[in-house]
Number of protein chains: 2
Amino acid sequence: MPPPPRKERADAQRNREAVLAAAEELFGAHGDPERVSMDDIAVAAGVGKGTLFRRFGDRLGLVKALVERRTEQLRADVVAGPPPLGPGAPADARALALLDALLTLKLDTRPLMLALESAGRGSPYDNDTYELWHAELTALLTEARGERDAAFLAHALLAAVRSDLIEHLTTHGTSPDHIRAGVTALTRATLRRP
Amino acid sequence: MPPPPRKERADAQRNREAVLAAAEELFGAHGDPERVSMDDIAVAAGVGKGTLFRRFGDRLGLVKALVERRTEQLRADVVAGPPPLGPGAPADARALALLDALLTLKLDTRPLMLALESAGRGSPYDNDTYELWHAELTALLTEARGERDAAFLAHALLAAVRSDLIEHLTTHGTSPDHIRAGVTALTRATLRRP
DNA sequence: CGACTATACGGACCGCTAGTCCGCTTTCGC
DNA sequence: GCGAAAGCGGACTAGCGGTCCGTATAGTCG
């Protein structure tokens with residue numbers, strides 16, 4: 001067995017935070033995440049491009065790190081928080097709460113989530129966070145309406161809150177409340193026994 | 001009024017077809033549409049890059065032209081074909097038929113549809129064809145379950161058959177029949193009155 | 001049939017991007 | 001302090017979408 005990995009060097013840690021902060025800032029400022037280049041981020045963070053890429057591997061890695069940061073709280077709440085989001089509430093109430101929370105998250109961090117969904121190949125689904133939501137929702141749907149089609153329906157519900165759809169709706173005049181009502185209606189319909 | 005626009009020159013027409021054929025071929029061959037460059041298409045078509053871009057404007061224009069070609073038949077059937085797809089059948093049957101037909105289309109032309117959804121900015125929704133499906137579905141849902149939330153639910157149903165989701169499912173072992181069953185279940189649930 | 005013009009052709013060219021590479025600097029255990 | 005390991009940074013590369021313009025050709029008209 002090799003000795004335990006040495007801890008991160010101080011300068012490395014500082015730079016990592018600087019990059020994350022700069023990236024969050026830049027993605028937040030520009031509406032279109034594709035217009036934020038890795039160069040821009042490196043410059044804004046006061047760091048060389050080499051540093052940026054060594055730390056995060058590629059563009060997708062950076063975006064994933066940012067998203068993970070932003071979803072940490074929600075992940076914790078879903079797995080072990082208070083009802084209705086956390087365990088303890090009935091399945092249908094939990095599903096409604098989860099979808100609503102996801103919608104809120106997407107509305108609050110539109111450009112970042114858009115960046116995730118449009119970075120790299122097949123990204124929207126190759127993603128630990130997505131896996132978690134999907135597993136959780138599948139379990140809730142199974143409990144509420146039976147196992148049949150539960151996995152697909154969970155995908156479908158998550159597809160209904162995809163960032164680019166939310167983006168499209170909000171930029172075409174649909175109000176957040178309207179979207180919220182729609183998501184709730186869809187979730188209710190999906191939860192009912194066939 | 002200016003005189004009617006002169007007709008397309010013969011060489012131009014030949015080249016247009018050559019480009020469309022080459023592009024369809026290349027997108028079909030490669031799994032990942034982003035790995036097919038405009039250069040590749042021009043070379044495969046035996047045509048200069050200038051010709052390619054003059055004709056189609058940009059990458060998105062080319063993909064749109066390709067997709068329009070592929071969806072022509074379905075569009076015609078939905079607007080004026082025989083039931084259950086065309087007018088005449090009850091709204092719920094038409095909605096089920098439409099979703100099923102769309103799923104079949106996506107399964108048959110995966111790489112091409114993937115190319116559409118990942119080409120250019122905000123593309124999946126800025127698209128005449130999408131508008132048509134959405135309008136049609138919204139009308140059917142309104143008829144079946146009332147006006148409330150119909151527009152959003154139509155978006156949600158279409159999101160459930162998005163190419164990248166279909167791609168993800170098929171490459172992770174879900175069979176087409178399984179997906180089909182899921183789409184049907186979702187559509188049925190959505191059609192029911194609240 | 002030959003000449004003339006609008007139209008189209010093609011590939012060199014440009015600007016920009018993600019990602020690499022390696023000589024130099026910094027950190028930190030001893 | 002000191003030396004090796006870890007980290008740094010920015011010049012560099014390859015490849016992309018898209019443009020430009022001198023050249024070639026189709027179609028037309030006398």
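Naming convention: chains lettered A, B, ... in sequence-line order (proteins, then strands); numbering from 1 in each chain.
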Pair A:Arg94 + A:Glu143, salt bridge at N-O below 4.0 Å: no
Side chain A:Arg9 and base D:dA6 donor-acceptor under 3.5 Å: yes
Atom-pair distance (CG on A:Asp40; P on C:dC16), nearest Å: 11 Å
Straight-line distance of B:Leu99 CG to B:Leu137 CG, nearest 0.5 Å: 5.5 Å
A:Arg54 side chain near D:dC8 phosphate (N/O to OP1/OP2, under 4.0 Å): yes
Atom pair CZ/CZ of A:Phe53 and A:Arg59 - distance to nearest 0.5 Å: 9.0 Å
Side chain of B:Ala10 - closest among D:dA26, C:dG19, D:dG18: D:dA26
Given C:dT26, C:dA18, D:dG17, the nucleotide with the shortest approach to the side chain of A:Asp11: C:dT26
Aromatic plane relationship, A:His155 with B:His168 - under 30° parallel, 30 to 60° tilted, over 60° perpendicular: perpendicular
Shortest side-chain distance from B:Ser37, nucleotide among D:dC16, D:dA26, C:dA18: D:dC16
Between C1' of C:dA18 and CG of A:Leu60, the distance in whole Å: 13 Å
5' precedence on DNA chain C between A:Asp39 and A:Thr51 (nearest-nucleotide basis): A:Asp39
Integer-rounded Å distance: D:dC16 C1' and B:Leu62 CG: 15 Å
D:dA11 base / A:Lys49 side chain donor-acceptor hit below 3.5 Å: no
Atom pair distance, as rounded to whole Å: CZ in A:Arg16 and P in C:dT27: 16 Å
Residue whose closest nucleotide on DNA chain D lies nearer the 5' end, A:Gly46 versus B:Met38: A:Gly46
Side-chain N,O (A:Arg35) to OP1/OP2 (C:dC16) below 4.0 Å: no
Whole angstrom value for the distance that separates P of C:dT27 from CD of A:Gln13: 13 Å
Distance test, side-chain N/O of A:Asn15 to OP1/OP2 of D:dG7, below 4.0 Å: no
Aromatic plane relationship, A:Tyr125 with A:Tyr130 - under 30° parallel, 30 to 60° tilted, over 60° perpendicular: perpendicular
Interatomic distance where CZ belongs to B:Phe56 and P belongs to C:dC9 [whole Å]: 11 Å
Sugar-phosphate only, base, or nothing, as touched by A:Arg55 at under 4.0 Å among non-hydrogen atoms: sugar-phosphate
